[in-house]
Amino acid sequence: MEKEEVVPDVIDQVPKHVAEVQYPGGEKVDLGNELTPTQVKYTPTITWPADSDSYYTVLMVDPDAPSRKEPTYCEALHWSVGNVPGNDIAKGETFAEYCGSGAPQGTGLHRYIFLVYKQNGKIEFNEPKIDNRTRAGRLNFSTRKFAEKYNIGQPLAGNFFQAQFDESVLEMYKLMKD
């Protein structure tokens with residue numbers, strides 16, 4: 001995470017644990033490996049060392065929007081779920097539905113970062129609900145400001161992959177609205 005500058009671009013320190021992230025086709029996220037937008041199109045499973053009686057927040061962000069050289073829209077929010085009991089994301093409260101990688105053509109590799117925060121208890125979140133076909137509300141997200149707003153500190157676990165444009169990105173753009 002330091003080599004690819006996730007620290008300090010998105011978070012202040014490397015999380016204590018690596019979150020295990022796997023996509024339905026079997027592809028695994030492995031601390032910066034390259035995956036294609038086609039491979040990460042559908043919601044992955046994600047696990048981390050969780051206490052069954054604790055709540056967690058899961059975020060997925062791209063700090064490289066529209067490109068790593070000119071991240072004027074960073075961060076782009078790709079997924080957010082709060083009040084996750086233990087590792088059971090399906091029972092959490094989804095604010096931004098999962099949206100796979102969407103690096104524009106010619107912008108090179110983007111980092112897609114998964115972060116898991118342990119909450120101090122159940123939180124009354126005040127976040128807009130964003131479906132997976134909506135772009136509005138996803139750009140100019142700040143992981144740091146979100147963590148500060150809800151007093152969730154530094155992430156407990158994290159992982160990331162890198163992806164660049166492939167033809168499936170065009171299909172995703174056709175389905176999205178502002």
Side-chain angles (χ1 to χ4, degrees), residues 1-51 54-71 73-82 84 86-90 92 94-104 106-119 132 138-139 141-148 152-166 168-169 172:
M1 287 195 163
E2 290 169 325
K3 178 182 173 239
E4 291 297 336
E5 299 177 327
V6 171
V7 174
D9 290 354
V10 178
I11 54 177
D12 298 325
Q13 61 193 48
V14 175
K16 183 178 179 179
H17 302 284
V18 174
E20 293 188 23
V21 183
Q22 185 169 338
Y23 282 90
E27 299 82 9
K28 292 184 179 184
V29 173
D30 187 20
L31 296 172
N33 61 320
E34 187 173 346
L35 297 172
T36 68
T38 300
Q39 291 173 313
V40 301
K41 188 175 182 177
Y42 301 107
T43 309
T45 57
I46 178 169
T47 57
W48 59 92
D51 298 325
S54 294
Y55 291 98
Y56 299 85
T57 296
V58 175
L59 299 176
M60 178 186 170
V61 298
D62 169 7
D64 304 321
S67 72
R68 192 160 179 181
K69 287 182 182 177
E70 295 183 33
Y73 299 122
C74 74
E75 299 160 27
L77 179 63
H78 282 257
W79 193 23
S80 67
V81 185
V84 176
N87 266 321
D88 197 345
I89 292 180
T94 300
F95 311 117
E97 291 180 351
Y98 179 82
C99 182
S101 66
T107 62
L109 288 171
H110 288 228
R111 298 165 292 171
Y112 294 88
I113 304 159
F114 294 90
L115 297 168
V116 179
Y117 292 83
K118 186 173 184 178
Q119 299 174 194
N132 62 1
R138 291 183 182 272
L139 300 179
F141 181 81
S142 170
T143 297
R144 283 186 178 92
K145 287 180 183 175
F146 182 91
E148 185 178 307
I152 54 177
Q154 295 296 316
L156 169 73
N159 207 336
F160 74 106
F161 68 90
Q162 298 182 79
Q164 57 188 323
F165 176 86
D166 77 7
S168 72
V169 172
M172 183 178 77

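- The shortest side-chain heavy-atom distance between P44 and F161 does not fall under the 4.5 Å cut-off.
- The ring-ring contact (aromatic ring centres under 6.0 Å, His included) check on F160 picks up nothing, with sequence neighbours excluded.
- Considering only heavy atoms from C-beta on, Y55 stays 4.5 Å or farther from I152 through its side chain.
- Minimum heavy-atom separation, A147 to G153: CB-O, 3.6 Å.
- Applying the side-chain contact (heavy atoms from CB on, under 4.5 Å) test to E148 and every residue at least two apart in sequence or in another chain returns nothing.
- Each of D51, T45, T47, V58 was compared with N87 under the side chain to side chain contact (heavy atoms under 4.5 Å, CB included) criterion, and only T47 meets it.
- For D64, the side chain to side chain donor-acceptor pair (under 3.5 Å) test picks out R111, with sequence neighbours left out.
- With sequence neighbours excluded, no residue forms a side chain to side chain donor-acceptor pair (under 3.5 Å) with N132.
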Just distance, no hydrogens or angles: give the donor-acceptor pairs under 3.5 Å from side chains in residues 12-31, sequence neighbours left out.
unit_1: D12; atom_1: OD1; unit_2: R144; atom_2: NE; d: 3.0
unit_1: D12; atom_1: OD1; unit_2: R144; atom_2: NH2; d: 2.8
unit_1: Y23; atom_1: OH; unit_2: Y98; atom_2: OH; d: 2.8

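- Evaluation of the ring-ring contact (aromatic ring centres under 6.0 Å, His included) rule for F141 yields F146 as partners, not counting sequence neighbours.
- Listed by chain and residue number, Q119 satisfy the side chain to side chain donor-acceptor pair (under 3.5 Å) test with T57 (two or more places apart in sequence, or in another chain).
- The CD1 atom of I113 lies 7.0 Å from the CD1 atom of I11; values are rounded to the nearest 0.5 Å.
- Between the Q162 side chain and the G32 main chain, a donor and an acceptor come within less than 3.5 Å of each other.
- Applying the ring-ring contact (aromatic ring centres under 6.0 Å, His included) criterion to H78, with sequence neighbours excluded, gives Y112.
- In this structure, the side chain of T36 engages the main chain of Q39 through a donor-acceptor pair within 3.5 Å.
- D62 places none of its side-chain heavy atoms less than 4.5 Å from the side chain of S101.
- In terms of heavy atoms, P66 sits closest to Y73 at CD-CD1, 3.6 Å.
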Inset, instruction - Go through the steps to decide whether M60 and I46 satisfy the test side-chain contact (heavy atoms from CB on, under 4.5 Å), and finish with yes or no. - result: CA-CA 11 Å; M60 178 186 170; I46 178 169; over 6 Å; no
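- Remark: D166 pairs with no residue by the salt bridge (charged side-chain N to carboxylate O under 4.0 Å, His left out) rule, at least two apart or across chains.
- Here the closest heavy-atom approach between residue S67 and residue T107 is recorded as CB-CB, 3.8 Å.
- Under the rule for a side-chain contact (heavy atoms from CB on, under 4.5 Å), the partners of P71 that lie at least two apart in sequence or sit in another chain are C74.
- The side chain to side chain donor-acceptor pair (under 3.5 Å) search around E4 returns R68, not counting sequence neighbours.
- Under the 3.5 Å distance criterion, the side-chain polar atoms of R138 are left unmatched by any main-chain donor or acceptor of A76.
- Checked against ring-ring contact (aromatic ring centres under 6.0 Å, His included), Y56 has the following partners two or more places apart in sequence or in another chain: W48.
- In this structure a side-chain-to-backbone donor-acceptor pair under 3.5 Å is missing from E75 to V10.
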